[in-house]
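Ligands are counted one by one from 1 in listed order, and the atoms in each one are counted from 1 as well. We're numbering straight along the sequence, starting at 1. Here the structure is a predicted model, which means the values were calculated and not measured.
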Amino acid sequence: MSNRPTILIVEDEISISNFICSMLSANNYNAIAAKDGKSALEMIASYCPEVIILDLCLPDINGTEIIKSVRKWSQIPIIVVSARHHEKDKVEAFDLGADDYITKPFGSAELLARIRTAIRHANNAASTTLSQDGVFSVHNLTVDFDKRRVWVGNKEVHLTQNEYKIVALLSKHAGRVLTYSFIIKTLWGPHAKCENQILRVNMANIRRKIEENPAEPVYIITEVGVGYRMSDGE
Ligand code: CA
């Protein structure tokens, strides 16, 4: 055994699985593979991999069932891989707790970058420095959760209550994609109507206030059809 991070690839297409495994091995990861959902769940329980790369389309069970099952007991980062371009799959995967989503075909560099990010997030979450001092900052943006105040550089930004709530929620989950429905339900309760329009209007106002160029945001990134992600500086 080595201390190389273990990555589990859950993929029924053997050629793709072999390709990812050899690419990961060449990059100093310990790659293990499962070709269906049942063996994936067994391997997750016995190896506790650092990252799971999960194909949603499996022969026995739907990949989303694996996300549900794993999230009952573990926050292991899950990167969903799918050939399908349906936004519905993406949204569902994120709502169930997937960390990232990559669409086939993808390049080695892209997958490696996402694995590094997933591992970094998992490590950051474990150290929880962010919530302890009550301040989030990235680039020039600072969010003070105790005082409920936001600055860009040394200039205070005046946000409405809703705008502040959105910025604070995204900041607390920096680096992760939050779906529209997650944001709406978290901020306005489980019975709030999933009205993306309200969110979009607020986001346009937020961007006007915090971004240097609202058309090319650097702080809050749109994941088209899915939701928003606060930059964590990468
Ligand atoms: Ca498949």
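At a cut-off of 3.0 Å, Glu11 does not coordinate the Ca ion (ligand 1) through any N, O or S atom. In summary, Glu13 places no N/O/S atom under 3.0 Å from the Ca ion (ligand 1), failing the contact criterion.
Side chains of Ser181 and Asp95: a donor on one and an acceptor on the other come within 3.5 Å. No side-chain donor-acceptor contact under 3.5 Å links Ser82 and Asp89.
Summary: OD1 is the N/O/S atom of Asp12 found nearest to the Ca ion (ligand 1). Restricting Asp55 to its N, O or S atoms, the one at the least distance from the Ca ion (ligand 1) is OD2.
Ring-centre distance between Phe182 and Phe94: not below the 6.0 Å cut-off.
Looking at Glu156 and Arg149, a side-chain N of the basic residue comes within less than 4.0 Å of a carboxylate O on the acidic one, giving a salt bridge.
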